[in-house]
Amino acid sequence: MKAFEVNFDGLVGPTHNYAGLSVGNVASLSSASQVSSPKEGAKQGLQKMKALHDMGLKQALLPPLERPDVHTLRKLGFSGSDENILTKAYRDAPQVFVAACSASSMWTANACTVSPSADTADGKVHFTAANLSNKFHRSIESPTTARVLEAIFNNPNHFAHHTPLPLGDHFGDEGAANHTRFCTQYGAKGVEFFVFGKYAFDNSKVAPRKFPARQTFEASQAIARLHQLSDDKTVYAQQNPDVIDQGVFHNDVISVGNRNTLFYHEQAFLNTDEVLRQLQTAYGDDTFHGVMVPEAKVSVDDAVRSYLFNSQLVSLDDNNMALIAPGECQENPNVDAYLKELVTLDNPINEVKIYDVKQSMRNGGGPACLRQRVVLNETEIAAANQNVFMNDELFKTLNSWVDKFYRDELSEKDLADPQLLIESRSALDELTQILNLGSVYPFQLAGA
Ligand code: SUG
């Protein structure tokens, strides 16, 4: 049966902001406390979704989470009315408060890991919401993310949902930002490629020294077990710890793959030759392409600043792929020159399309961070919630919805404004109706 890669993009939320929360993520720290534009952010994201839809690709979306997260603040001992909680938390624990307001659910690459039905022993599509243990502001995402995934993929005959891995450093899991799949056709059994930052149970192994390794080997193994993947079609690779220390906090900041192609930086992995050999063996035929970008042409620093590798690599047809890259790639002379050369070389990537996702980039999220890839066959698409799939009508509806509820500007002090809480809950309530999700947010669930 024909299968498709469906990109589920995260919709930028009504409280999109820059709080400088992610140590190890250069853009997040350098944008701390800048004024954001939730409206512009949401519209940039919608434009990218619409453009991919118009290219003939299957495009869908995931809704933003409820922020400020008053429910988490209650668990941390703040009490009283929701308005009182905002005021007290902002006054007494401002760092905790901004963490509970984070925009971070928009990067749906981190929402979960998905294994398509062609790869799993029971023939179901498997989902595990990522625990995002390494950062407090992200570790509070998974309960609602899991509810949203269950609301969209709500058919046990086709979809299997696992609870997030146990919280804590040992099983730190950042979802699909460290997971790639290679296949001849999307519906064929593929190779699942897990990249991790460190071994959690073996201190003798190398690990980054300056910045955290957010994904562990043991977490990746647990996901592969839960998803019932075949050993001979699963490859693990360790990220080069030196690049993590240079700001490559997820593998999708230094490599991206699609079908028979891995586009990667020379310094992305430890033992690169062995990684490529294992991928080639698991892939099974000699059409597998490793497209290596040399340090001499694009340095790790250029990669971190431009987010070249946080591009989406999409198949336009069986022989042609396009790189969906952020505007920053054109602004960096080395990357710009490299991209001009790339499309002339002998590899499947022969088009580069640039999109402006600056509002997201300022927090360290490029085009690839903004999307979760879900490979679905025709029956599975029909079994999923139809209201989340992009089309001209939904694009119009969501733009009007953004115009109705989103602010043009937001600064840190606005996050404590009780009116913003009312506005964003009203927006999300209406969104769950547009997307036919039922009640998924804590404010919609009695006693949550
Ligand atoms: O987890 N930034 C996110 C960016 C995630 C990008 N995703 C992928 N690479 N797949 C993070 O570091 C910053 C939020 C702030 O500082 O306000 C933040 O969470």
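In this text, all values refer to a predicted model and were calculated from it rather than measured experimentally. One-based numbering, in listed order, for ligands and for the atoms of each.
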Given 3.5 Å as the limit, does a donor-acceptor pair link the side chain of T128 with the main chain of T113, or not? no
Apply side chain to side chain contact (heavy atoms under 4.5 Å, CB included) to Q267 and V248, showing your working. CA-CA 11 Å; Q267 297 192 6; V248 181; over 6 Å; no
Sorted by chain and residue number, the residues having a heavy atom closer than 4.0 Å to an atom of ligand 1 are N17, Y18, A19, G20, L21, S22, N25, S28, S104, W107, A109, N110, H137, R138, A177, R214, F249, H250, D252, N363, G364, C369
Which pairs of donor and acceptor atoms, one on a side chain in residues 290-299, lie under 3.5 Å apart (sequence neighbours left out)?
| from | atom 1 | to | atom 2 | distance (Å) |
| --- | --- | --- | --- | --- |
| E295 | OE1 | H265 | NE2 | 3.4 |
| E295 | OE1 | V300 | N | 3.2 |
| K297 | NZ | E341 | OE1 | 3.3 |
| K297 | NZ | E341 | OE2 | 3.0 |
| S299 | OG | D301 | N | 3.4 |
| S299 | OG | D302 | N | 3.0 |
| S299 | OG | D302 | OD2 | 3.2 |

Given salt bridge (charged side-chain N to carboxylate O under 4.0 Å, His left out), test D429 with R425 step by step and report yes or no. CA-CA 6 Å; D429 208 35; R425 285 182 176 173; over 6 Å; no
Partners passing side chain to side chain donor-acceptor pair (under 3.5 Å) against E328 (at least two apart in sequence or in another chain): none
Does anything in residues 9-25 form a salt bridge (Lys or Arg N to Asp or Glu O under 4.0 Å)? List the pairs, not counting sequence neighbours. D9-K48
